[in-house]
Amino acid sequence: MEDKKKNPFVKWTENHAEFWKFIKFMIAGGGSSVVELIVHMILISAVFKSLCSVAITNPTLNMIGIESKGYLYAYLISTTVGYLIAFILNRKITFKADSNPTVSMILYFIMVVFTIFANGWIGSAMTTFAAQHNFTGAFADLVIKVIGMAIPTLWTYPCNRFIIHRKKKTDK
């Protein structure tokens, strides 16, 4: 009787619970990415503008696209803001996790560091491959960026869903 009173959307989310979690994960990631981008652009164009001309020659940082002090500071702050928002949204809304928050934060940090360096390597490899095959220009850059952003979902969703944002098992 109660099931018939539920609206179609609620029924759909209950019948497709795992897919609905993935959709919420993508929305949380997209929203946090927008905030991250806005913070990054403000920091680059205003706060750390003068430091953008101070070069950094560190192969590891250069591999992930960090070539100036201004960019480094903007990247660290904006990335921290973006990942923090994604962590909170996914923990509270997407997965409704109740596992130990400290353990979740440590696991999330490890995943984020891996993702940053994997993205740097993947982006560099794709850019090199594209250049070797004369796939260059603004459209090529856009395609490479979109693919580079999508690939980490292969490990970030399963890590968030099954390792980082777990629910305690309840006895039934």
Side-chain angles (χ1 to χ4, degrees), residues 21-91 94-95 97 101-166:
K21 284 178 190 169
F22 182 73
I23 291 169
K24 290 189 294 185
F25 177 79
M26 297 304 289
I27 292 168
S32 64
S33 293
V34 168
V35 173
E36 178 182 342
L37 181 61
I38 291 168
V39 169
H40 183 79
M41 297 312 292
I42 290 168
L43 293 173
I44 284 288
S45 64
V47 179
F48 299 120
K49 186 176 183 175
S50 63
L51 292 175
C52 287
S53 60
V54 180
I56 291 179
T57 53
N58 177 302
T60 304
L61 293 175
N62 295 158
M63 179 190 81
I64 60 173
I66 299 174
E67 297 178 353
S68 74
K69 281 189 177 183
Y71 190 91
L72 172 64
Y73 299 150
Y75 180 80
L76 290 174
I77 293 168
S78 65
T79 301
T80 300
V81 168
Y83 276 115
L84 185 60
I85 291 168
F87 177 86
I88 293 167
L89 290 174
N90 283 320
R91 182 169 177 80
T94 303
F95 302 114
T102 303
V103 172
S104 292
M105 283 188 264
I106 291 167
L107 293 170
Y108 190 73
F109 179 79
I110 293 167
M111 183 200 69
V112 165
V113 170
F114 173 79
T115 299
I116 289 169
F117 284 99
N119 260 357
W121 181 81
I122 291 166
S124 178
M126 287 192 310
T127 301
T128 300
F129 179 83
Q132 290 172 343
H133 293 85
N134 295 322
F135 186 58
T136 58
F139 180 72
D141 290 344
L142 176 65
V143 170
I144 291 167
K145 184 69 174 168
V146 169
I147 293 170
M149 290 169 66
I151 289 173
T153 305
L154 296 172
W155 66 83
T156 59
Y157 180 77
C159 284
N160 276 282
R161 169 69 174 95
F162 300 109
I163 300 169
I164 297 167
H165 299 298
R166 291 169 295 170

**Item:** Derivation of the side chain to side chain contact (heavy atoms under 4.5 Å, CB included) call for W155 and F114
**Value:** CA-CA 10 Å; W155 66 83; F114 173 79; 3.7 Å; yes
Determine the minimum heavy-atom distance between [X] and [Y], stating which atoms define it.
{"X": "I44", "Y": "G70", "result": "CD1-O, 4.0 Å"}
{"X": "S78", "Y": "L43", "result": "N-CD1, 4.3 Å"}
{"X": "T156", "Y": "T115", "result": "CG2-OG1, 3.8 Å"}
{"X": "T94", "Y": "K21", "result": "CG2-O, 3.3 Å"}
{"X": "I164", "Y": "R91", "result": "O-NH1, 4.5 Å"}
{"X": "S68", "Y": "C52", "result": "CB-O, 3.2 Å"}

Under 3.5 Å: donor-acceptor pair, side chain of [X], backbone of [Y]:
{"X": "D141", "Y": "K145", "answer": "no"}
{"X": "T79", "Y": "L76", "answer": "no"}
{"X": "S124", "Y": "W121", "answer": "no"}
{"X": "Y108", "Y": "Y83", "answer": "yes"}

**Message:** Does K24 have more than 12 heavy atoms from other residues, nucleotides or ligands lying within 6.0 Å of its NZ?
**Reply:**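 For K24, atom NZ is crowded (more than 12 foreign heavy atoms under 6.0 Å).
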**Prompt:** How about F139: does its CZ atom have over 12 heavy atoms from other parts shown lying under 6.0 Å from it?
**Reply:**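 Open.
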**Request:** Examine the side chains of H165 and N160 and answer whether a donor and an acceptor come within less than 3.5 Å of each other.
**Result:** yes
**Request:** Run the ring-centre check on Y71 versus H40 and record whether the distance is less than 6.0 Å.
**Result:**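 Ring centroids of Y71 and H40 are less than 6.0 Å from each other.
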**Message:** Would L72 and E67 count as a side chain to side chain contact (heavy atoms under 4.5 Å, CB included) here? Give the steps.
**Reply:** CA-CA 7 Å; L72 172 64; E67 297 178 353; over 6 Å; no
**Asked** Rounded to the nearest 0.5 Å, how far apart are CD1 of I122 and CE of M126?
**Response**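 Atom-to-atom, I122:CD1 and M126:CE are 7.0 Å apart.
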**Prompt:** Given Y73 and V47, is the side chain to side chain contact (heavy atoms under 4.5 Å, CB included) satisfied, shown in steps?
**Reply:** CA-CA 10 Å; Y73 299 150; V47 179; over 6 Å; no
